[in-house]
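Not measured: the values here are computed from a predicted model.
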Amino acid sequence: MSGDQIDGGSRFNDSHKHKDKYKEKEHKHKDHKKDKEREKSKHGNSNHKDPSDKKHRDNEKEKMKHKDGSTDKYKDKHKEKKVNYHAHNSLKKAHMVVHAILLPLLNFPPQVKSEPEDNFYHSPKNEKSLKRERDDDNDSEFKPKKIKTENDKKAKKRKQEEDIKPKKTKNKREVTDGKKKAKKEPEEKWKWWEEERYTDGSKWKFLEHKGPVFAPPYEPLPSNVKFYYDGKHMKLSPEAEEVATFFAKMLDHEYTTKDIFRKNFFKDWRKEMNAEEKAKLTDLKKCNFTEMSEYFKAQSEARKAMTKDEKLKIKEENERLLQEYGFCIMDNHRERIANFRIEPPGLFRGRGDHPKMGMLKRRIRPKDIIINCSKDSKHPEPPPGTKWKEVRHDNKVTWLVSWTENIQGSIKYIMLNPSSRIKGEKDWQKYETARRLKKCVDRIRTQYHEDWKSKEMRIRQRAVALYFIDKLALRAGNEKEEGETADTVGCCSLRVEHIKLYPENDGQEYVVEFDFLGKDSIRYYNKVPVEKRVFKNLQLFMENKEPDDDLFDRLNTSVLNKHLQELMDGLTAKVFRTYNASITLQQQLKQLTSADENLPAKILSYNRANRAVAILCNHQRAPPKTFEKSMQNLQTKIDAKRDQLSDAKRELKSAKADAKVRRDEKSKKAVETKKKAVQRIEEQLMKLEVQATDREENKQIALGTSKLNYLDPRISVAWCKKWGIPVEKIYNKTQREKFAWAIDMADEDFEF
DNA sequence: CTATGGACTTAGGAGAGGGTGG
DNA sequence: CCACCCTCTCCTAAGTCCATAG
């Protein structure tokens, strides 16, 4: 959904754009929240009051913003906030089509009805991992709370000892193997998942690294690359020039035409100018960056045209940098760092309709950097002549480096790669929590069905919201600071304008139409029939509200999560996404895979199962720019293959006829050869066709996100093992590194 | 409580890199 | 061998959720 979909027209906007008097509007949502509290005890069913009665309350709070000093400046702006749909009709259509194709396969909500109490039949091996897994979970449960007492520790140790035996044997085997190969693979893969974990809340005992790699310094443009203002050449100071180049590099992008972008950019650019420049450059429209832009284009061409040697040199240099800065030592192991390079300066581009787009993202210097490492490690050196902001030794966190970013005032971190122990353990634990949800999800569902009838409004709202989160895999929906970010919502922050109710629609009763922008301003559009009770509740929640009022005015994520916590230890809203995604994959795989299919067909089935999840989670992507063309190419290939096939068939026929007449060895052999050829071509054709189907169905669906973040990798690994499919067909190298734990421990009867 | 800060996960897009077919 | 195309990797924004300050 690139350029063409951005914008699209403000659907919801202006209806109330002007009607409110500044502050009022801003406070509306918050006011609702207050209402909630006040009414808590009232259990009014329908006594929703007009929020306006308390508009003034929040005024003072409103004033304290800060972060980058931009306090109130957006206060007015955000009022114009509108929903500029980003993902558009095209998308909508396709999305629905896909639903039509795939949704029948999914029967969402209570899919889990009668799960066996889980893992009865497990091989000893599984038993073992399960045990450890539970421990892990306990860990996580304890951690946030203050409990981790001595007792717990001991208990855990004890438990762990129980499975030490199988572990040991395994380890030994590994070790010997390792020795054998020691020369070839000096770095035997470390199986952190076979080791104990910290139970005291610390994340490591030893941490040593070399600090971040800074962005290369600015190199002024050669003097023949000129900037013009109002048609006249003007030499810029290096500071101003650098910022100008940021803009020049984006010239082809649509957003340099956007008002907000231009306004933010120009404002920040002026801050970097010297007095003279400031006085002279007063209108961005009169600035001509084209020479700069051409220059950068030429540079990138030149880079592409480099000789092999030059490219190799660069590659080697990168490798050197990676080896030096891309790893750290954490607790006796050399682990890969995810992002060891500091983000270079540039112009901020938020996603969707972001109020801060175009602002200058400033250069990060050593004095902005906080280093985290262990006391007894060799501390990273700041570049000559500079100092770190701070060096600390906090082993309760996982980051190595942090700094504060200037656009939102938030903190950025350098952390480890997903293949690292510290990330892997957490990931594993996440899936274990989801598996625990599996065991009690029926109970929870029963309860929220009950709660739809509650006397208390807040409970009804909570129950309906939870139903959406469970059934539709919506995100929690934290509230956001208005005017600081794009206007997007999740479940708890849905507004009245985001849903439409149809007592009857297309032959279905009680249909709810969702249409809102979610994370990353990706549009969520869906029409779902719901239970009558949900429908009636929604009508109730919407009574007497404006379109931009909160749908769930007595609910927020923290209330919801508090409730979830009571239902199950460690349960939060996002666990439902993980759970529903993983369970859907497992079901779909069961349903779609058939034993007699060949490998490509099995993989298509896998991808379809994956796709069902991606659709559930609304993971969209812009259709690749070359999509149509590449589809055509593929079709051409298919046609060619078809021709080839009929040729081959014809040849086979004649060979057969020939053999019948001649009845000699030679012609018999010829028949065999032709037969083989036909078969081979048939297979190739089939493969191409499958590929075409897969690609077509995948046009605007992104599989990666769910694969990486929501699907318990053990499900996929088990599936591969069950059907004799190499994991490499499912996971690429990075993914295999990230999921090494699962690849190692899941066997074919793993059940999520 | 509520607001804010902090840490960590989840997200889509850009562009590099590498394989493939002509 | 080159152009093209696809996949993967990197990049960093945008969420979630918890802790803590006021």
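Relative to the ring axis of A/F348, A/K361 does not place its NZ or CZ within 45° and under 6.0 Å from the centre.
Put simply, A/S410 has no side-chain N or O that comes within less than 4.0 Å of OP1 or OP2 on B/dG5. Taking 4.0 angstrom as the limit, A/K574 places a side-chain polar atom (N or O) nearer than this to OP1 or OP2 of B/dT10. Between A/R475 and B/dA11 there is a side-chain N or O to OP1 or OP2 distance below 4.0 Å. Applying the 4.0 Å criterion to OP1 and OP2 of B/dA11, one finds that A/T705 has every side-chain N and O outside that range. A sub-4.0 Å separation between OP1 or OP2 of C/dA13 and a side-chain N or O of A/H354 is absent. Distances shorter than 4.0 Å separate none of the side-chain N or O atoms of A/K396 from OP1 or OP2 on C/dA19. Between A/R336 and C/dC10, a side-chain N or O to OP1/OP2 separation shorter than 4.0 Å is present. Neither OP1 nor OP2 of B/dT10 sits under 4.0 Å from any side-chain N or O of A/R577. Remark: A/T398 is in phosphate contact with B/dC8, judged by side-chain N or O atoms under 4.0 Å from OP1 or OP2. Of the side-chain N and O atoms in A/K430, one or more sit less than 4.0 angstrom from OP1 or OP2 of B/dT10. Side-chain N/O atoms of A/N732 include one lying less than 4.0 angstrom from OP1 or OP2 on C/dC8. Contact annotation: A/N478 side-chain N/O to C/dT16 OP1/OP2 distance is under 4.0 Å.
With ring centers used as reference points, A/F514 lies under 6.0 Å from A/F468. Residues A/H209 and A/F327 keep their aromatic ring centres 6.0 Å or farther apart.
DNA chain B is contacted by both A/N709 and A/K304; A/N709 maps to the nucleotide lying nearer its 5′ end (nearest heavy atom per residue). For the pair A/R303 and A/I411, both in contact range of DNA chain B, the more 5′-proximal nearest nucleotide belongs to A/I411.
The pair A/D569-A/R436 does not meet the salt-bridge criterion, since no charged nitrogen lies less than 4.0 angstrom from a carboxylate oxygen. A/E683 has no carboxylate O lying under 4.0 Å from a charged side-chain N of A/K687, or vice versa, which leaves the two without a salt bridge.
If you run salt bridge (charged side-chain N to carboxylate O under 4.0 Å, His left out) between A/D368 and each of A/K389, A/R362, A/K412, only A/R362 comes through.
Using modelled atom types, one finds no donor on one side chain facing an acceptor on the other under 3.5 Å when comparing A/S493 with A/E479. A donor-acceptor contact closer than 3.5 angstrom is absent between the side chains of A/E425 and A/Q429.
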Can you check nucleotides 2-4 of chain C for protein contacts, nitrogen or oxygen pairs under 3.5 Å, and list what you find?
none

Where do N or O atoms of nucleotides 18-22 of chain B meet protein N or O atoms at under 3.5 Å, pair by pair?
unit_1	atom_1	unit_2	atom_2	d
B/dG18	OP1	A/K315	NZ	3.2

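Counting atom types as modelled, A/K423 pairs no side-chain N or O with a base atom of B/dT9 as donor and acceptor under 3.5 Å.
A/R392 meets the side-chain contact (heavy atoms from CB on, under 4.5 Å) test with A/I370, A/N372, A/E390, A/D394, A/W399; sequence neighbours excluded. Looking at residues two or more places apart in sequence or on another chain, you find a side-chain contact (heavy atoms from CB on, under 4.5 Å) between A/A473 and A/R577, A/L616. Residues satisfying the side chain to side chain donor-acceptor pair (under 3.5 Å) test with A/T572, not counting sequence neighbours, are none.
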Could you give me the CA-CA distance, side-chain angles and deciding distance for A/F340 and A/Y325, then say whether ring-ring contact (aromatic ring centres under 6.0 Å, His included) is met? CA-CA 7 Å; A/F340 58 92; A/Y325 294 95; 7.1 Å; no
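If you check residues 412-421 of chain A against DNA chain B, the residues with a heavy atom closer than 4.0 Å are A/Y413, A/M415, listed by number.
At a threshold of 4.0 angstrom between heavy atoms, the contacts of A/K361 are confined to the sugar-phosphate backbone, with no base atom among them. In this structure, A/G704 reaches neither bases nor backbone, as no heavy-atom distance under 4.0 Å exists between it and the strands shown.
With C/dC17, B/dG12, C/dC18 as the candidates, the nucleotide lying closest to the side chain of A/Q565 is C/dC18. Listed nucleotides B/dA14, C/dT12, B/dA7 differ in distance to A/V397; the shortest reach to its side chain belongs to B/dA7. Side-chain proximity of A/R621 to the nucleotides C/dT16, C/dA13, B/dG13 is greatest for B/dG13.
In this structure, A/V391 and A/C373 approach most closely via the heavy-atom pair CG1-SG, 4.2 Å.
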